[in-house]
Number of protein chains: 2
Amino acid sequence: MGASKTDFFSSDQNELAAIAKALGHPARIAIIQHLLKVNSCVCNSIVDELPLAQPTVSQHLRELKQAGLIQGTVEGNSICYCINGETWNKFGELFKTLFASYKQITKCC
Amino acid sequence: MGASKTDFFSSDQNELAAIAKALGHPARIAIIQHLLKVNSCVCNSIVDELPLAQPTVSQHLRELKQAGLIQGTVEGNSICYCINGETWNKFGELFKTLFASYKQITKCC
DNA sequence: TTTTAATATTGCAATATTACGATGAAGATC
DNA sequence: GATCTTCATCGTAATATTGCAATATTAAAA
């Protein structure tokens with residue numbers, strides 16, 4: 001197989017999984033951390049920040065964009081990337097809720 | 001290729017990515033949500049909660065366990081699974097920090 | 001208009017993931 | 001002991017991901 005049976009899960013579950021999946025690669029974490037650190041649009045050379053070839057970085061950027069985590073705006077002949085503030089905060093809430101819904105249990109196996 | 005170049009990223013980045021990756025499948029999100037909901041060890045039939053065959057569920061459980069998100073304890077001839085409280089809270093902090101480190105920028109592309 | 005710079009797309013190889021049937025292991029029950 | 005139950009592992013097929021070289025695209029610069 002190799003294909004996830006997404007149809008059998010709730011849209012809620014699929015959404016959370018999709019965001020997590022997008023963050024599930026060190027290069028994409030590195031991109032996100034870089035964007036968070038500079039705290040502005042990065043208008044070129046994200047490639048220079050990473051130990052990967054340009055097409056590979058482009059691919060990772062596309063995945064982050066598709067997941068809604070970042071946005072890219074054409075600016076001259078370069079493209080400016082930044083965190084998509086709206087979805088970022090929304091996704092942050094989803095994860096916060098997930099992690100916060102754990103209550104320590106006294107008796108466990 | 002198909003293999004991530006993990007060596008070129010920080011352990012910090014690899015750790016975050018690994019947790020996110022483990023959560024990056026709707027079945028695994030469903031398992032986690034189920035464990036959070038019942039708020040105790042689940043001593044059998046996680047399989048019944050999912051639209052997947054038993055070996056597939058077993059595989060997903062193993063990945064969650066390897067990532068440190070859950071723990072399983074042998075109890076008679078069944079195995080009791082529950083959230084690994086310690087790592088769960090630690091990972092929650094990691095994600096919280098990641099998402100919280102975004103500051104709205106006024107001027108953006 | 002040619003060249004340059006920045007990024008995307010295509011095509012491909014290597015590897016990983018997802019899923020399941022068959023089978024195995026180990027305790028429980030008869 | 002024989003059998004049942006529960007779960008893991010193995011083997012395998014289908015598909016997805018990762019990474020890069022080659023090439024395309026698009027706009028600025030010369």
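Protein chains get the first letters and strands the later ones, always in sequence-line order, with residue 1 at the start of each.
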For nucleotides 24-30 of chain C, which of its nitrogen or oxygen atoms have a protein nitrogen or oxygen under 3.5 Å away, and what is each distance?
from   : atom 1 : to      : atom 2 : distance (Å)
C/dG27 : N2     : B/Asn77 : ND2    : 3.4

Residues that A/Phe95 engages under ring pair (Phe, Tyr, Trp, His ring centres under 6.0 Å), provided they are two or more places apart:
B/Phe95, B/Phe99
Whole angstroms only, please: what is the [atom1]-[atom2] distance between [X] and [N]?
X       : N      : atom1 : atom2 : value
B/Leu64 : D/dC7  : CG    : P     : 15 Å
A/Ile79 : D/dT25 : CD1   : P     : 15 Å
B/Lys5  : C/dT15 : NZ    : P     : 14 Å
A/Gln71 : C/dT7  : CD    : P     : 16 Å

For [X], all residues meeting side-chain contact (heavy atoms from CB on, under 4.5 Å), sequence neighbours excluded:
X       : result
A/Lys5  : A/Phe8, B/Leu52
A/Ser58 : A/Gln54
A/Ala3  : none
A/Asn77 : none

Not counting sequence neighbours, list each pair that qualifies as a ring-ring contact (aromatic ring centres under 6.0 Å, His included) and has a residue in residues 19-70 of chain A.
A/His25-A/His60
Ordered by number, residues from residues 16-34 of chain B within less than 4.0 Å of DNA chain C (heavy atoms) are B/Lys21, B/His25, B/Arg28
Neighbours of DNA chain C within residues 47-62 of chain B, by heavy-atom distance under 4.0 Å
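Per residue number, the list reads B/Leu52, B/Ala53, B/Pro55, B/Thr56, B/Gln59, B/His60.
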Can a side chain N or O of A/Tyr81 be found less than 4.0 Å away from OP1 or OP2 on C/dA8?
yes
Residue pairs passing the side chain to side chain donor-acceptor pair (under 3.5 Å) test where at least one lies in residues 89-101 of chain B, sequence neighbours excluded
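Counting only pairs at least two positions apart or across chains, the side chain to side chain donor-acceptor pair (under 3.5 Å) contacts touching residues 89-101 of chain B are B/Glu15-B/Lys90.
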Please test A/Cys43 against A/Cys80 for disulfide bond (SG atoms under 2.5 Å apart), starting from the C-alpha separation and ending with a verdict.
CA-CA 4 Å; A/Cys43 288; A/Cys80 298; 2.1 Å; yes
Test side chain to side chain donor-acceptor pair (under 3.5 Å) applied to A/Ser10 - qualifying residues, sequence neighbours left out
A/Gln13
For B/Asn14 and B/Phe9, indicate whether the former's side chain and the latter's backbone hold a donor-acceptor pair under 3.5 Å.
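Answer holds: yes.
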Kindly state each residue pair satisfying salt bridge (charged side-chain N to carboxylate O under 4.0 Å, His left out) with at least one member in residues 27-43 of chain B, sequence neighbours excluded.
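The answer is B/Arg28-B/Glu63.
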